[in-house]
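Throughout, residue positions are numbered sequentially from 1 according to the sequence presented. Values reported hereafter were calculated over all heavy atoms of this structure, with side chains retained and with hydrogens, waters and symmetry mates removed.
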Amino acid sequence: MNSQDRLPSLAVLRCFEAAAKYQSYTAAAEVLGLTQSAVSRQVKELEDHIGTNLFYREGRGVRLTVAGDALMKEISGDLNRLRHTIHHAIIAGSGPKALAIAAPPTFAARWLVSRLPSFQAQHPGMQLAVYSRAEPFDLTANKIDVAVHFGGWDWPGAQLTPLCPENLVVVAAPSLLAQHAASTSADILQMPLLHLSARPHLWPQFAATQVGSKISRHGCSFDQFSLLIEAAVAGMGAAILPSYLIESELARNGLAKLASINSDTGQSYFIATPMGPAAPIVSAFVAWLRNQVVRRT
């Protein structure tokens, strides 16, 4: 093996990563439990191996050179992938099994968590850690094995698998329907209407498909689906909601479905997993999760 094929040690790479992150050999040494001179030697070994300077001195700290910055962008991802690989090896080993899952808060609370016991029944001893996350993030850096994502194909650094469409429906509580007619779309639009502040276009979109219909100006606005659901159940107004989030309310007639909405936003629910081969337990969870979805036509 020639010198170009020989890889630097993991200790060398970790020292470089820490020094680049904190822009200080001293801070890197404290984090790694080493001396400042040890970090300096490790970085010098890497510079000798590559054949160029990776840092230059700046006051009491250091700054990356152009070559150092380019290497840091590559090596950080490589080390995170290695950490994730080791994490999966631990999961697959003889120790306790664990799976870290992230999902949007309302989806997790109202759809996912109640189904998790059936997955545990298929995998005795499986320990689950569930986190509420609404926006894309670095799965590997946060040590998350599987995430549920609502949106488009817009999660950089993750593999996305379609889970289900949003399936928006217009619903109202029986108490509201006792006071208002709901035979037609025009009737619905004259009810008090409940709005999600993040998606103010939903009711106008529904009204646009109904010739001659006008939207009632009466109604309240909420910033979370969970609050919107509770308001609808309380009879405060009609609401447009994802059917997956109100399965129990529809089943026990706490809410009545009045209409369906054909959404053309291109947004849907996806399963996000880190790039690269998945651990067997992750593949099993993804398959199980997809099987939980009732395919609606």
Side-chain angles (χ1 to χ4, degrees), residues 1-93 95 98-102 129 131 133 135-147 149 153-161 270-283 286:
M1 180 181 294
N2 61 46
S3 59
Q4 291 184 336
D5 293 330
R6 181 175 57 84
L7 291 174
S9 70
L10 183 58
V12 166
L13 297 178
R14 290 183 66 235
C15 284
F16 167 72
E17 180 191 40
K21 180 178 180 179
Y22 296 105
Q23 298 186 27
S24 166
Y25 290 168
T26 301
E30 292 176 359
V31 170
L32 297 174
L34 301 172
T35 64
Q36 189 269 352
S37 60
V39 171
S40 179
R41 286 196 303 272
Q42 298 278 35
V43 171
K44 182 63 167 60
E45 180 179 332
L46 183 59
E47 290 178 328
D48 290 343
H49 181 87
I50 294 174
T52 188
N53 291 332
L54 300 174
F55 295 97
Y56 60 86
R57 294 280 181 181
E58 186 176 75
R60 291 188 173 183
V62 292
R63 290 285 300 275
L64 287 166
T65 62
V66 173
D69 184 62
L71 179 61
M72 179 58 182
K73 290 176 181 176
E74 295 290 337
I75 208 68
S76 180
D78 292 337
L79 289 175
N80 280 334
R81 283 187 287 273
L82 179 58
R83 292 183 182 106
H84 196 70
T85 298
I86 298 301
H87 172 64
H88 279 306
I90 293 171
I91 291 174
L99 193 67
I101 306 160
Y131 302 90
R133 295 290 184 89
E135 301 294 334
F137 58 94
D138 189 325
L139 293 167
T140 302
N142 287 270
K143 298 182 180 179
I144 297 297
D145 300 297
V146 184
H149 167 56
W153 297 87
D154 55 356
W155 193 317
Q159 298 179 116
L160 294 178
T161 302
F270 293 86
I271 303 169
T273 53
M275 300 296 290
I281 192 60
V282 172
S283 297
V286 169

According to salt bridge (Lys or Arg N to Asp or Glu O under 4.0 Å), who are the partners of Glu58, at least two apart in sequence or on a separate chain? Arg63

From NZ (Lys21) to CG (Leu64), nearest 0.5 Å: 13.5 Å

Supply the atom-to-atom distance Ile144 CD1 to Arg133 CZ, rounded to the nearest 0.5 angstrom. 6.0 Å

Would you check, one step at a time, whether the test side chain to side chain contact (heavy atoms under 4.5 Å, CB included) holds for Met72 with Leu54? CA-CA 9 Å; Met72 179 58 182; Leu54 300 174; over 6 Å; no

Less than 3.5 Å apart, which donor and acceptor atoms pair up between the side chains of residues 9-16 and the rest of the protein, not counting sequence neighbours?
{"unit_1": "Ser9", "atom_1": "OG", "unit_2": "Val12", "atom_2": "N", "d": "3.2"}

For Asp69, which residues count as a salt bridge (Lys or Arg N to Asp or Glu O under 4.0 Å) partner, sequence neighbours excluded? Lys73

Side-chain donor or acceptor of Trp155 paired with backbone N/O of Phe137 under 3.5 Å: yes

Check: residues 38-46 side-chain donor-acceptor pairs under 3.5 Å, at least two apart:
{"unit_1": "Lys44", "atom_1": "NZ", "unit_2": "Asp48", "atom_2": "OD1", "d": "2.8"}
{"unit_1": "Lys44", "atom_1": "NZ", "unit_2": "Asp48", "atom_2": "OD2", "d": "3.1"}

Going by side-chain contact (heavy atoms from CB on, under 4.5 Å), name the residues that satisfy it together with Ala70, two or more places apart in sequence or in a different chain. none

Taking only residues two or more places apart in sequence, or in another chain, which ones meet Glu30 in a side-chain contact (heavy atoms from CB on, under 4.5 Å)? Thr26

Does a side-chain heavy-atom distance below 4.5 Å link Ser24 with Arg60? no

Compare all side-chain heavy atoms of Val62 with those of Arg57 and state whether any distance is below 4.5 angstrom. yes

Roughly how far, to the nearest 0.5 Å, is the OG1 atom of Thr52 from the CD atom of Glu47? 7.5 Å

Residues Leu160 and Trp153: closest non-hydrogen pair is O-CZ3, 3.5 Å

Which heavy atom of Pro136 sits nearest a heavy atom of His149, and at what distance? CG-CE1, 3.9 Å

Sub-4.5 Å side-chain heavy-atom contact between Met275 and Thr140: no

Minimum heavy-atom distance Asp145-Ala100, with the two atoms named: OD2-N, 2.8 Å

In sequence, state the C-alpha distance, the side-chain angles, and the governing distance for Val282 and Leu99, and then conclude on side chain to side chain contact (heavy atoms under 4.5 Å, CB included). CA-CA 8 Å; Val282 172; Leu99 193 67; 4.0 Å; yes

